[in-house]
Amino acid sequence: MSLNKSTPGQRFRDAVASEHPLQVVGAINANHALLAKRAGFKAIYLSGGGVAAGSLGVPDLGITGLDDVLTDVRRITDVCDLPLLVDVDTGFGSSAFNVARTVKSMIKFGAAAIHIEDQVGAKRCGHRPNKEIVTQQEMVDRIKAAVDARTDDSFVIMARTDALAVEGLESALDRAAACIEAGADMVFPEAITELEMYKLFASRVKAPILANITEFGATPLYTTEQLAAADVSLVLYPLSAFRAMNKAAENVYTAIRRDGTQQNVIDTMQTRMELYDRIDYHTFEQKLDALFAAKK
Ligand SMILES: C[C@](O)(C(=O)O)[C@H](CC(=O)O)C(=O)O
Ligand SMILES: [Mg+2]
């Protein structure tokens with residue numbers, strides 16, 4: 001792992017400044033973080049829906065707690081120095097103290113940025129019907145609490161608004177502007193349905209805008225070229241590798257159960273050597289051998 005002395009937050013800001021739009025890709029675990037780095041991404045993401053479905057096996061409905069997410073954050077930041085954007089849902093608790101605790105913990109565990117949203121505590125996935133949101137004032141208070149709790153000024157606070165689907169475009173634009181006024185660094189307008197909308201957010205808030213290009217949702221799969229033209233600064237692929245990995249696992253389970261052997265799916269597998277290469281197995285092994293040799 002290469003050593004980088006700047007803070008995770010600063011590295012995230014630098015990445016946003018250096019790539020237009022910055023591709024931020026979901027990494028469901030530490031192994032995927034290494035794969036994302038190897039593929040050339042400059043920033044990675046820990047999805048709330050991913051922690052829920054992947055680590056806990058439950059839906060994205062506000063069931064996950066702060067410690068569940070922190071465990072995955074620490075595992076990722078322990079092995080990968082790419083700046084990590086973390087989905088903290090509604091902040092893990094309704095008071096300013098809860099939000100403050102969430103922010104402080106995220107910084108401590110090595111995250112670079114969080115996004116915090118304006119849904120009610122019993123939240124839903126942003127691309128599902130019947131979402132409910134808190135008042136603009138309550139959301140602004142969440143942002144103020146988050147900004148105030150920062151123990152590192154470079155740490156990025158991104159405000160997500162789910163208002164478009166609930167109250168419409170004007171409300172979503174107002175909320176985004178109010179969050180930036182309250183000190184948020186970037187805006188994540190959720191479940192956008194038309195490309196031109198991003199431009200409206202960008203010109204209204206004068207801060208970086210994130211486009212959530214999640215599959216099978218409300219937002220078309222816009223390309224980086226289209227998003228750059230719509231003044232988008234960051235593009236998120238939160239669960240793409242997770243969805244592919246799950247499908248691959250299902251195929252393998254089905255085949256082994258059906259055929260009594262894995263021979264028909266062996267070509268779909270990462271080999272032992274590929275795995276060892278991705279996690280740097282041989283360097284660890286050499287260190288171990290050297291240690292034992294020194295003791296002899
Ligand atoms: C970005 C998101 O918040 C997530 O948890 O990854 C989800 C993604 C999804 O369910 O596709 C969301 O958009 O609500
Ligand atoms: Mg989420």
Side-chain angles (χ1 to χ4, degrees), residues 21-29 32-33 36 41 43-66 68-73 76 84-93 99 102 106 111-134 139 142 146 156-166 172 175-176 186-193 197-198 201 209-222 227 232-247:
L22 174 68
Q23 288 187 303
V24 185
V25 76
I28 195 66
N29 56 34
H32 279 201
F41 290 97
I44 50 176
Y45 177 68
L46 183 59
S47 153
V51 173
S55 299
L56 277 69
V58 300
D60 188 11
L61 293 168
I63 302 167
T64 312
L66 174 60
D68 296 315
V69 180
L70 285 174
T71 297
D72 288 344
V73 169
I76 290 170
L84 175 69
L85 167 64
V86 182
D87 179 356
V88 302
D89 291 342
T90 62
F92 303 116
V99 173
T102 296
M106 288 295 155
I114 54 164
H115 69 70
I116 182 164
E117 71 201 37
D118 58 1
Q119 287 201 57
V120 295
K123 61 149 289 163
R124 293 167 190 249
C125 160
H127 293 256
R128 297 291 303 158
N130 303 325
K131 292 190 288 185
E132 274 180 66
I133 54 177
V134 297
M139 178 55 180
R142 279 181 193 169
V156 172
I157 311 283
M158 184 184 289
R160 163 170 151 177
T161 179
D162 283 67
L164 177 67
V166 187
R175 281 166 180 258
M186 301 180 188
V187 165
F188 172 170
E190 174 63 313
I192 290 296
T193 51
M197 289 178 179
Y198 292 117
F201 280 94
I209 303 297
L210 176 142
N212 178 17
I213 306 301
T214 189
E215 301 82 10
F216 317 111
T219 308
L221 302 182
Y222 300 123
L227 294 167
V232 165
S233 295
L234 306 93
V235 49
L236 179 65
Y237 310 91
L239 292 163
S240 311
F242 178 65
R243 297 188 210 285
M245 155 203 198
N246 290 347
K247 190 82 169 181

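In each ligand, atom 1 is the first atom listed, and ligand 1 is the first ligand listed.
Between the T214 side chain and the P238 main chain, no donor and acceptor come within less than 3.5 Å of each other. D87 contributes a side-chain N or O that, together with a main-chain N or O of D89, makes up a donor-acceptor pair within less than 3.5 Å. Distance alone, capped at 3.5 Å, places no donor-acceptor pair between the K131 side chain and the R124 backbone.
Taking 2.8 Å as the threshold, D89 does not count as a candidate ligand of the Mg ion (ligand 2), since none of its N, O or S atoms lies below it.
If you look at ligand 1, the protein residues with a non-hydrogen atom under 4.0 Å away are Y45, S47, G48, G49, D60, D87, C125, G126, H127, R160, E190, N212, T214, P238, L239, R243.
The N, O or S atom of D87 lying closest to the Mg ion (ligand 2) is OD2.
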Dump the intermediate steps for side-chain contact (heavy atoms from CB on, under 4.5 Å) on R128 and D60, then the final yes or no. CA-CA 10 Å; R128 297 291 303 158; D60 188 11; over 6 Å; no
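The CD atom of E190 sits 9.0 Å away from atom CG of L236, with the distance rounded to the nearest 0.5 Å.
Within a 6.0 Å sphere centred on CD of E132, other residues, nucleotides and ligands contribute 12 heavy atoms or fewer.
No option in F201, Y198, Y222 other than Y198 meets the side chain to side chain contact (heavy atoms under 4.5 Å, CB included) test with V232.
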